[in-house]
Amino acid sequence: MRIVIAEDSALLRDGLTRLLSGGEFEVVAAVADAEQLLRAVAELQPDLAVLDVRMPPGFTDEGIKAALVIRRQFPDIALLVLSQYVEESYATDLLSEATNAVGYLLKDRVAHVNDFLDAVRRVAAGGTALDPEVVAQLLVRRKDDPMSSLTPREQQVLRLMAEGRSNGGIVEVLKVSPSAVEKYVTNIFAKLDLPPISTDHRRVLAVLKYLGA
Amino acid sequence: MTALLVAAVGITLLGVVGVVWGAAIFSLLTGAGDAAHVALYVAAVVVGPVAELMAVQGVTALQRSRLRTIAGIDIPVGSRTAERKPWPLGPWLSASIWRQVAFHLLSVGIGVAAGVVAVCWLAPVIAVTYLIVGAPSGAPAAVSCAGALAMLFAAPWLARQVAVADQTLARALLGPSQSEEFALRLESLAKSRAAIVAATDTERRRIERDLHDGAQQRLVSLAMRLGLARARFSDVPEPIEQVIAEAHEEALLALSEVREFIRGLHPAVLNDRGLNAALSGLAARAPLPVRLTVDMAQSAAPGVEAVAYFIVSEAITNVVKHAQATQAEVTVASDGSLLRIAISDNGVGGAKLGGPGASDGGTGLMGLMQRAASVDGTLTIDSPPGGPTVITAELPCES
């Protein structure tokens with residue numbers, strides 16, 4: 001998997017490069033701002049771009065804007081956006097363009113190395129990785145509280161689905177049997193009046209749409 | 001002498017303009033004769049008030065500069081409200097112009113008094129002249145000399161009295177009136193308060209930026225490296241593995257504490273996307289379920305949004321600390337001129353707020369009220385024993 005990294009902090013750029021080197025991963029370029037990122041992506045055509053939100057020159061949402069540009073120009077390149085803060089309004093922007101092969105995670109998640117690498121693989125494979133905090137932010141804005149009709153276990157499963165996890169991923173996190181997860185998912189879709197969906201990706205899409213992202 | 005001169009010039013100017021205006025009106029009323037005269041009179045009547053106004057203001061300026069150069073005192077200019085009223089008649093409706101006119105009339109008296117002072121200073125010269133040429137009234141020489149001496153001795157005292165009277169009058173009539181002075185004071189207080197609020201805001205942003213670029217990046221890097229060590233060295237002896245795991249957890253905790261601190265201080269998203277976007281994070285991170293409803297047609301001034309954010313942030317912290325609530329609700333609505341914020345919970349109530357300076361039991365509600373007041377807003381607390389507690393803030397959208 002060929003990766004381009006854009007991160008203005010040299011310390012983190014080095015750290016990420018080290019983390020994403022070796023094995024299946026290869027960092028083909030590590031740059032410090034959005035402009036260099038767009039150039040590197042156009043030139044190198046990587047499989048995945050890992051990028052920071054706040055970069056020079058404005059230090060606001062350059063990463064989100066760059067991600068949207070990349071998605072429009074090169075729809076096949078997967079995008080993983082990292083940030084010190086995750087904000088539902090940035091997530092909504094990012095997801096407005098596409099919900100496949102896209103991730104938006106708090107930088108802290110990098111420190112849970114194996115989980116992070118799982119998220120990288122998931123996004124590169126066309127899936128979604130939304131930070132649990134983004135999902136929580138989407139939930140506080142729902143007028144009819146979707147959580148009130150769900151059992152605590154079902155609430156957990158809904159959150160995990162919104163993060164972009166597959167049934168297998170949910171099984172791993174909750175340490176329950178695959179058939180139990182299937183039952184929860186069926187119940188959630190029935191309670192929220194969503195049509196039953198078989199594939200992981202379309203399921204994520206339905207849940208995010210339901211949450212208003 | 002200058003006082004006499006300026007007063008004379010001033011009053012003559014005002015008088016001439018006034019008389020011409022009055023005469024023009026009189027002529028119009030009593031029948032003006034041919035069309036050319038009527039036109040002339042009408043022009044005089046129309047131009048009169050404007051010319052008089054300019055004359056009053058001109059003479060006032062002259063008097064001000066006289067007082068500045070001769071007496072060395074600066075008479076502060078009152079509020080500019082008179083000048084801001086629509087010409088030509090608007091300024092005549094303000095008290096300030098009439099106070100100036102009164103001064104110019106009274107300054108004739110001051111001028112005359114100054115003339116008397118001058119005569120006093122010259123008394124010996126006059127007396128000597130009389131002695132040489134012979135006094136017209138035929139007063140005895142001794143009386144002339146004694147009178148002249150008395151006048152000379154009285155001169156400095158008299159001069160001081162005239163100067164004091166002159167300056168007192170000028171301060172009272174040319175300077176700002178008491179209400180104008182209060183208005184000026186209020187204006188300057190409002191300006192300095194706005195500057196302080198803005199400076200606090202800038203300082204918070206700077207701290208946020210510094211932490212983001214410094215400590216936060218280092219902590220992420222540290223946590224990432226420890227995470228890498230934890231993932232890659234799983235075959236090390238148990239005690240070492242445990243130390244690495246603990247260090248990793250500590251680093252993550254420090255990272256989330258710094259982020260939480262900044263969240264309460266001034267999150268970047270507040271600058272970037274405004275209050276509406278910033279509140280999602282606040283509500284989602286609360287340790288109890290918070291329902292958020294925002295209805296803002298347009299954003300408020302950045303300083304006001306920062307205060308609103310702070311109020312919501314502190315109010316939620318209060319709910320968590322004191323209310324024993326299981327859920328809270330935040331509603332923010334704006335009609336473009338007023339930003340209304342309500343934070344309610346289903347807790348035990350009984351939140352109290354003392355008077356100014358009183359203790360509020362450490363709930364920080366006083367601080368919230370002061371923050372609201374810093375942008376001319378109000379904050380009310382309704383918290384009967386047994387609950388529920390509702391905190392309502394109303395902030396003007398423009399600061």
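Each chain gets a letter, A, B and so on, in the order the sequences are listed, and its residues count up from 1. As the structure is a computational prediction, the values presented were derived from the model and not from experiment.
- Within the 4.5 angstrom heavy-atom criterion, atoms from both the backbone and the side chain of B:Arg209 approach chain A.
- Annotation for A:Gln137 and B:Ala284: closest pair CG-CB, 3.4 Å, computed over non-hydrogen atoms.
- Within a 6.0 Å sphere centred on CD of A:Glu172, other residues, nucleotides and ligands contribute 12 heavy atoms or fewer.
- In summary, A:Glu87 and B:Arg263 engage in a salt bridge, as defined by a charged side-chain N under 4.0 Å from a carboxylate O.
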- prompt: Under the side-chain contact (heavy atoms from CB on, under 4.5 Å) criterion, do B:Arg259 and A:Leu106 qualify, and how do the steps go?
  reply: CA-CA 11 Å; B:Arg259 196 173 44 244; A:Leu106 209 52; 3.4 Å; yes

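- When B:Leu226, B:Leu292, B:Val294, B:Val330 are compared by the number of non-hydrogen pairs under 4.5 Å with chain A, B:Leu292 comes out ahead.
- Atom CZ of B:Arg218 has 12 or fewer neighbouring heavy atoms from other residues, nucleotides or ligands inside a 6.0 Å radius.
- In this structure, the portions of B:Asn276 lying under 4.5 Å from any heavy atom of chain A include both its backbone and its side chain.
- The environment of CD in B:Glu394 is crowded: more than 12 heavy-atom neighbours from other residues, nucleotides or ligands sit within 6.0 Å.
- Within the structure, the salt bridge (Lys or Arg N to Asp or Glu O under 4.0 Å) test picks out the following pairs touching residues 16-27 of chain A (sequence neighbours left out): A:Glu24-A:Arg121.
- Across every non-hydrogen atom of A:Ser89 and B:Ala277, the tightest pair is OG-CB, 3.7 Å.
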task: Report the C-alpha distance between A:Glu88 and B:Arg273 in whole Å, list the side-chain angles of each, state the deciding distance to 0.1 Å, and finish with yes or no for side-chain contact (heavy atoms from CB on, under 4.5 Å).
output: CA-CA 11 Å; A:Glu88 150 270 328; B:Arg273 302 233 160 159; over 6 Å; no

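- Most heavy-atom pairs under 4.5 Å with chain A: of the set B:His248, B:Arg232, B:Arg285, B:Gln217, this distinction falls to B:Gln217.
- With a 4.5 Å cut-off on non-hydrogen atoms, A:Val135 does not touch chain B at all.
- Taking NE2 from B:His212 and OG from A:Ser83, the interatomic distance works out to 6.0 Å, rounded to the nearest 0.5 Å.
- Put simply, of B:Leu282, B:Leu219, B:Ile262, the one with the most heavy-atom pairs under 4.5 Å next to chain A is B:Ile262.
- Contacts of residues 108-116 of chain A with chain B at a heavy-atom distance below 4.5 Å involve A:Asp108, A:Val110, A:Ala111, A:His112, A:Val113, A:Asn114, listed in sequence order.
- The two residues A:Leu16 and B:Met224 come nearest to each other via the heavy atoms N-CE, 3.6 Å.
- Nearest heavy atom pair, residue B:Ser280 against residue A:Arg141, reads OG-NE, 2.9 Å.
- Smallest separation of non-hydrogen atoms from A:Gln84 and B:Val220: OE1-CG2, 3.7 Å.
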Donor-acceptor pairs under 3.5 angstrom involving side-chain atoms of residues 234-245 of chain B: please list them, not counting sequence neighbours.
from     : atom 1 : to       : atom 2 : distance (Å)
B:Gln242 : NE2    : B:Glu246 : OE2    : 3.4

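- More than 12 heavy atoms of other residues, nucleotides or ligands sit less than 6.0 Å from atom CD of B:Glu260.
- The interface of residues 56-72 of chain A with chain B, defined by heavy-atom distances below 4.5 Å, comprises A:Phe59, A:Thr60, A:Asp61.
- Interface remark: of the candidates A:Leu19, A:Asp8, A:Val134, A:Asp14, A:Leu19 forms the most heavy-atom pairs closer than 4.5 Å to chain B.
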